[in-house]
**Q** 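First the structure, then my questions, so here it is.
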Amino acid sequence: MNFAGRKALVTGATTGIGREIAVQLGREGAEVIVAGRDAARGAATVAVIEKEGGTARFAAADMTGRHDRPT
């Protein structure tokens, strides 16, 4: 797929499946917002996306608490 010109917000993007989804979206041309709790891991994910030619930035987000989730 081609996601050029689109933006993607990926929660849980600092590890595991979320990280792989974020990296793949970056490869496909999306501007990726890497959201997660760990800033260091987020920066590492952003670095991978950018190294592969994509655009990304980190946003601190913790979706584990009830008050952190949208209603």
Side-chain angles (χ1 to χ4, degrees):
M1 279 192 166
N2 184 350
F3 288 94
R6 303 189 107 182
K7 296 182 188 204
L9 168 65
V10 183
T11 60
T14 58
T15 61
I17 293 170
R19 182 178 187 189
E20 292 305 314
I21 290 169
V23 170
Q24 186 61 37
L25 286 166
R27 285 183 188 130
E28 296 292 332
E31 179 182 335
V32 182
I33 301 167
V34 174
R37 294 180 289 182
D38 188 314
R41 287 182 178 174
T45 302
V46 168
V48 169
I49 293 167
E50 291 177 340
K51 181 179 178 184
E52 294 189 13
T55 302
R57 64 177 179 235
F58 174 74
D62 184 349
M63 302 299 282
T64 59
R66 179 176 162 217
H67 298 291
D68 298 321
R69 290 184 230 137
T71 55

**Q** Who are the salt bridge (Lys or Arg N to Asp or Glu O under 4.0 Å) partners of R37, not counting sequence neighbours?
**A** none
**Q** At their closest point, which heavy atom of V32 faces which heavy atom of A22, and how far apart are they?
**A** CG2-O, 3.6 Å
**Q** Going by side chain to side chain contact (heavy atoms under 4.5 Å, CB included), V34 matches just one of L9, V23, V10, V46. Which one?
**A** V46
**Q** Within a 6.0 Å radius of atom CZ on R41, are there more than 12 heavy atoms belonging to other residues, nucleotides or ligands?
**A** no
**Q** Which residue pairs pass the side chain to side chain donor-acceptor pair (under 3.5 Å) test when at least one of the two sits in residues 1-10, sequence neighbours left out?
**A** none
**Q** Quick one: pull up CZ in F58 and CG in D38 and give me the separation to the nearest 0.5 Å.
**A** 7.0 Å
**Q** Going by the rule side-chain hydrogen bond (donor to acceptor under 3.5 Å, both in side chains), which residues pair with E20 if we only count those two or more places apart in sequence or in a different chain?
**A** none
**Q** Using the test salt bridge (Lys or Arg N to Asp or Glu O under 4.0 Å), find all partners of R57 that sit at least two apart in sequence or belong to another chain.
**A** E31
**Q** If you look only at distance, which donor and acceptor atoms sit under 3.5 Å apart when one is on a side chain in residues 11-19 and the other is two or more places apart or in another chain?
**A**
residue : atom : partner : partner atom : Å
R19     : NE   : T45     : OG1          : 3.3

**Q** What residues, two or more places apart in sequence or in another chain, satisfy side chain to side chain contact (heavy atoms under 4.5 Å, CB included) together with A8?
**A** L25, A30
**Q** Residues two or more places apart in sequence or in another chain: which of them pass salt bridge (Lys or Arg N to Asp or Glu O under 4.0 Å) with E50?
**A** none
**Q** Tell me whether F3 is reachable from I33 by hopping between hydrophobic residues (I, L, V, M, F, W, Y) whose side-chain heavy atoms are closer than 4.5 Å.
**A** no
